[in-house]
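Note sheet for the following structure.
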Amino acid sequence: MSANLVYVLNGPNLNLLGMREPEIYGSDTLDDIAGMLEDRAQELGLEVEVRQSNHEGHLVDWLHEANAEGAKAVLLNAGAYTHTSIALLDAIKSIKVPVIEVHLSDPMTREPFRHVSYVGMGAVGEVKGLGAQSYVVALEKAAKL
Ligand code: CA2
């Protein structure tokens, strides 16, 4: 049981953060975001486990792992899988750990194909449109669960 552990799972292409499209996603890298989260987690008495994969099944496996570990919460930026993945929705619904959906941008203000969120259909909450701060605000929400 890891009641203070928060998994921070990141989907496809988020390994490229800070290197392209800073006008949409900001200039922080995923390592920068991990550092911010580690600092805030320490203040909140939490631990974070930050991971990224370009593979849908890895994200499914990590959701199951968070559940098996008895994690407090999962912050999930599933990238483009947000808008396509029934597998991720099924995984979120199959676990007891609460999942908070996170986005750097606000998908609702972008192309119509980003307006559907399968992740959001299972998540307990959502933080979007704040750049890297979306993750920090989501961690603060997780602390209150
Ligand atoms: O705003 C977000 O956090 C998104 O989840 C980012 C996804 C996008 O498909 C979602 O609609 C919203 C895309 C992540 C792509 O990451 C890149 C990072 C650097 C350069 C290019 C893409």
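In listed order, ligands and their atoms are each counted from 1.
For atom 7 (C) of ligand 1, the nearest non-hydrogen atom of the protein is Gly79 CA, 3.7 Å. At the shortest separation from atom 1 (O) of ligand 1 among protein heavy atoms lies Ser105 OG, 2.5 Å. If you check which protein heavy atom lies closest to atom 13 (C) of ligand 1, you get Tyr25 OH, 3.4 Å. Of the protein's heavy atoms, Leu16 O, 3.4 Å lies nearest to atom 19 (C) of ligand 1. Closest to atom 11 (O) of ligand 1, if we only count protein heavy atoms, is His83 NE2, 2.7 Å. At the shortest separation from atom 14 (C) of ligand 1 among protein heavy atoms lies Leu14 CD2, 3.8 Å. Of all protein heavy atoms, the one lying nearest to atom 2 (C) of ligand 1 is Leu104 N, 3.4 Å.
Of the heavy atoms in Asn13, both backbone and side-chain atoms come closer than 4.0 Å to ligand 1. At a 4.0 Å heavy-atom cut-off, ligand 1 touches Arg114 through the side chain alone. With a 4.0 Å cut-off on non-hydrogen atoms, Met19 does not touch ligand 1 at all.
No path of Ile, Leu, Val, Met, Phe, Trp and Tyr side chains, each step under 4.5 Å between heavy atoms, connects Leu145 with Leu5, placing them in separate hydrophobic clusters. When the side chains of ILVMFWY residues are joined at heavy-atom separations under 4.5 Å, either directly or via intervening members, Val74 and Ile33 end up in two distinct hydrophobic clusters.
Here the side chain of Thr82 pairs no donor or acceptor atom with the backbone of Ser117 at under 3.5 angstrom. Within the 3.5 Å criterion, the main-chain N or O of Asn54 finds a donor-acceptor partner in the side chain of Tyr81.
Of the candidates Arg110, Glu23, Arg114, Ser105 forms a side-chain contact (heavy atoms from CB on, under 4.5 Å) with just one, namely Arg110.
Summarising the geometry, atom CH2 belonging to Trp62 is positioned 7.0 Å from atom CG belonging to Leu9; distances are rounded to the nearest 0.5 Å.
Looking at every heavy atom in both residues, Leu75 comes nearest to Leu139 through CD1-N, 3.8 Å.
Residue contact check: Arg20 has heavy atoms under 4.0 Å from atoms 19 (C), 20 (C) of ligand 1. Proximity to Ala80 (heavy-atom distance under 4.0 Å) selects the following atoms of ligand 1: 9 (O).
Side-chain atoms of Val60 and Leu88, non-hydrogen and from C-beta on, do get closer than 4.5 Å to each other. For the pair Leu63/Asn67, no side-chain contact is recorded, criterion being any heavy-atom separation below 4.5 Å from C-beta on.
At least one heavy atom of Asn77 sits less than 4.0 Å from an atom of ligand 1.
Summarising the contacts of atom 21 (C) of ligand 1 with Glu21, Glu111, Met108, His103, the nearest heavy atom is found in Glu21.
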